[in-house]
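Position 1 is the first residue of the sequence; numbering continues from there. Every heavy atom of this structure was used, including side-chain atoms; hydrogens, water molecules and symmetry mates were not.
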Amino acid sequence: MKPFDGAITRFFETEFPKDLRAAVSDAGKNDILAADWAFERRLAKRDYEAAYEPLQIELVKLQAWLRRSGQRIVIVFEGRDGAGKGGSIKRLRENLNPRGARVVALSKPTEAERGQWYFQRYVGHLPTAGEIVFFDRSWYNRAVVEPVFGFCTDAEREAFFDQVPSFERTLMADGIHLVKIWINVSRAEQMRRLLARENDPLKQWKLSPIDVEGLAKWEDYSRAIALMFRRTHDAHTPWTVVRGDDKRRARLEVMRLILTAVDYDNRDESIARSPDPCVVGGPSILPSGNG
């Protein structure tokens, strides 16, 4: 039984662009579907595994430094549906002490929260000394998801854009290390992943009505994403974009990104090196139309 009566398959077969439909249908398991990228095949499993464990050890060292120093880290993960936010967070936390590494994935606001200052419900989830917090979606819902689906007014989004720079600078002025990550995925790859979820009983829980409704809103999302970057990417609180069509490369580069964002003790520079610029960069690394 497919969720939502097979709505994703139905959209793919009847409304999805024909050229992308052919690309998805013809692709092999290891083929990269993103256009205009340096890679045509995903990273070999043996190469992924060889890099993975040393990076995990570095993450454990980072957490140990956090505990000793009392430093705090906030990592914001944003991206389109199916981009790989949850998978990246899972790998980052795999060997960390869960008492000091929390995931915040908030559901839609309650009636009481809708009457509060917009940022208020996020403040209570910020880290204490020695802690790292991963936001699996964040206050940036107001910049992309909410306007695309009509969940906020233009005035509310404009107020968000006016306030978010000072909000984030306040966090950083108080000593919080803030990392904002946008994981990008091409339209063809997104569809391939959503189809896979629809057909996998163990992954169907990941799908929501928003995912289904969002299939026809690719261009609306693209415009909202472009505006978000124009209004919220600057030298003080920059966005880092990770091209996520190859999950293996993306996960490794996200680890490297985190490890190079903070100057922790005893870092092995040969392992915690700068991310691959073909995979990680600023918003300019995004393809035209975001994918």
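Paired with Phe39 under the rule side-chain contact (heavy atoms from CB on, under 4.5 Å), one option of Val279, Asp245, Asp246 passes, and it is Val279. Between Phe167 and the options Phe160, Trp139, Tyr122, a ring pair (Phe, Tyr, Trp, His ring centres under 6.0 Å) holds for only Trp139.
Between Arg72 and Glu131 no salt bridge is recorded (no basic side-chain N to carboxylate O distance below 4.0 Å). With respect to Lys2 and Asp200, no salt bridge is recorded, no charged nitrogen being found less than 4.0 Å from a carboxylate O. Taking 4.0 Å as the cut-off between side-chain N and carboxylate O, Lys206 and Asp81 do not count as a salt-bridged pair. Between Arg249 and Asp47, no side-chain nitrogen of the basic residue sits less than 4.0 Å from a carboxylate oxygen of the acidic one, so the salt-bridge criterion is not met. A salt bridge between Arg68 and Asp265 is present, with a side-chain N of the basic residue lying under 4.0 Å from a carboxylate O of the acidic one. For Glu49 and Arg46, the salt-bridge test fails: no basic side-chain N is under 4.0 Å from an acidic carboxylate O. Salt bridge status for Arg273 with Glu269: absent, with no side-chain N to carboxylate O gap under 4.0 Å. A salt bridge between Glu78 and Arg137 is present, with a side-chain N of the basic residue lying under 4.0 Å from a carboxylate O of the acidic one.
Here the shortest heavy-atom pairing between Arg243 and Ala34 reads NH2-CB, 4.0 Å. Scanning all heavy atoms of the two residues, the minimum distance from Arg193 to Gly84 falls at NH1-N, 4.1 Å.
Counting only heavy atoms from C-beta outward, the side chains of Phe16 and Arg187 approach each other to under 4.5 Å. Between Pro147 and Asp220 the shortest side-chain heavy-atom distance does not fall below 4.5 Å. With a 4.5 Å cut-off on side-chain heavy atoms, Arg93 and Pro98 count as touching. Under the 4.5 Å side-chain criterion, counting only non-hydrogen atoms from C-beta, Ser25 is in contact with Phe12. No side-chain heavy atom of Trp205 sits under 4.5 Å from any side-chain heavy atom of Arg197. Between Pro275 and Thr260 there is a side-chain heavy-atom pair separated by less than 4.5 Å.
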**OP:** Dump the intermediate steps for salt bridge (Lys or Arg N to Asp or Glu O under 4.0 Å) on Asp5 and Arg10, then the final yes or no.
**Re:** CA-CA 9 Å; Asp5 296 321; Arg10 189 161 54 253; 5.9 Å; no

**OP:** Assess whether side-chain contact (heavy atoms from CB on, under 4.5 Å) is satisfied between Thr110 and Arg121, documenting all intermediate values.
**Re:** CA-CA 10 Å; Thr110 65; Arg121 74 181 190 132; over 6 Å; no

Original post:
Where do Phe229 and Val241 land on the side-chain contact (heavy atoms from CB on, under 4.5 Å) test, with the steps shown first?
Top reply: CA-CA 10 Å; Phe229 285 135; Val241 174; 3.9 Å; yes

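Clustering ILVMFWY residues whenever any of their side-chain heavy atoms sit less than 4.5 angstrom apart, transitively, puts Leu92 in the very cluster that holds Ile271. No path of Ile, Leu, Val, Met, Phe, Trp and Tyr side chains, each step under 4.5 Å between heavy atoms, connects Val133 with Met255, placing them in separate hydrophobic clusters. Placement of Leu257 and Ile176 in two distinct hydrophobic clusters is found when ILVMFWY residues are connected by side-chain heavy-atom separations under 4.5 Å, directly or transitively. Put simply, Leu207 and Val148 are part of two different groups of oily side chains (I, L, V, M, F, W, Y) that touch within less than 4.5 Å, one to the next. Val262 and Ile89 end up in the same hydrophobic cluster when Ile, Leu, Val, Met, Phe, Trp and Tyr side chains are linked at under 4.5 Å.
Side chain to side chain, Asn30 and Arg42 meet the donor-acceptor criterion of an N or O pair below 3.5 Å. Between the side chains of Tyr264 and Glu58, a donor-acceptor pair is found at a separation under 3.5 Å. At a cut-off of 3.5 Å, with distance as the only test, a side-chain donor of Ser222 or Arg80 sits close to an acceptor on the other residue. Donor-acceptor pairing under 3.5 Å is lacking for the side chains of Thr240 and Trp182. Between Tyr140 and Glu146, the side chains place no donor N or O within less than 3.5 Å of an acceptor N or O (distance only, hydrogens not considered). Checking Asn141 against Ser138 by side-chain atom types alone, no donor-acceptor pair falls below 3.5 Å.
Taking a 6.0 Å sphere around CD of Glu158, one finds it holds more than 12 heavy atoms contributed by other residues, nucleotides or ligands. In Asp36, the CG atom is not crowded: 12 or fewer heavy atoms of neighbouring residues, nucleotides or ligands sit closer than 6.0 Å. Other residues, nucleotides and ligands contribute over 12 non-hydrogen atoms within 6.0 Å of the CH2 atom of Trp117. Counting non-hydrogen atoms of neighbouring residues, nucleotides and ligands closer than 6.0 angstrom, the CD atom of Glu40 reaches no more than 12 such neighbours. In the displayed structure, Arg99 atom CZ is contacted under 6.0 Å by at most 12 heavy atoms of other residues, nucleotides or ligands.
Within the 3.5 Å criterion, the main-chain N or O of Ile8 finds a donor-acceptor partner in the side chain of Glu198. For the pair Gln56 (side chain) and Glu94 (backbone), a donor-acceptor distance under 3.5 Å is absent. A donor-acceptor distance shorter than 3.5 angstrom exists from the side chain of Lys180 to the backbone of Thr237, with no hydrogens or angles considered. Asp31 places no side-chain N or O within 3.5 Å of a backbone atom of Ala27 that could act as its donor or acceptor partner. When atom types are taken as modelled, the side chain of Glu156 and the backbone of Thr153 share a donor-acceptor pair closer than 3.5 angstrom. For the pair His125 (side chain) and Val104 (backbone), a donor-acceptor distance under 3.5 Å is absent.
Here the straight-line distance linking atom CG of Asp136 with atom CZ of Phe77 works out to 8.5 Å at 0.5 Å rounding. Once rounded to the nearest 0.5 Å, the distance linking CD of Glu168 with CG of Asp234 reads 8.5 Å.
Cation-pi geometry between Arg267 and Trp65 is not satisfied (NZ or CZ under 6.0 Å from the ring centre, within 45° of the ring normal). A cation-pi contact links Lys217 to Phe149, judged by a cut-off of 6.0 Å to the six-membered ring centre and 45° from its axis.
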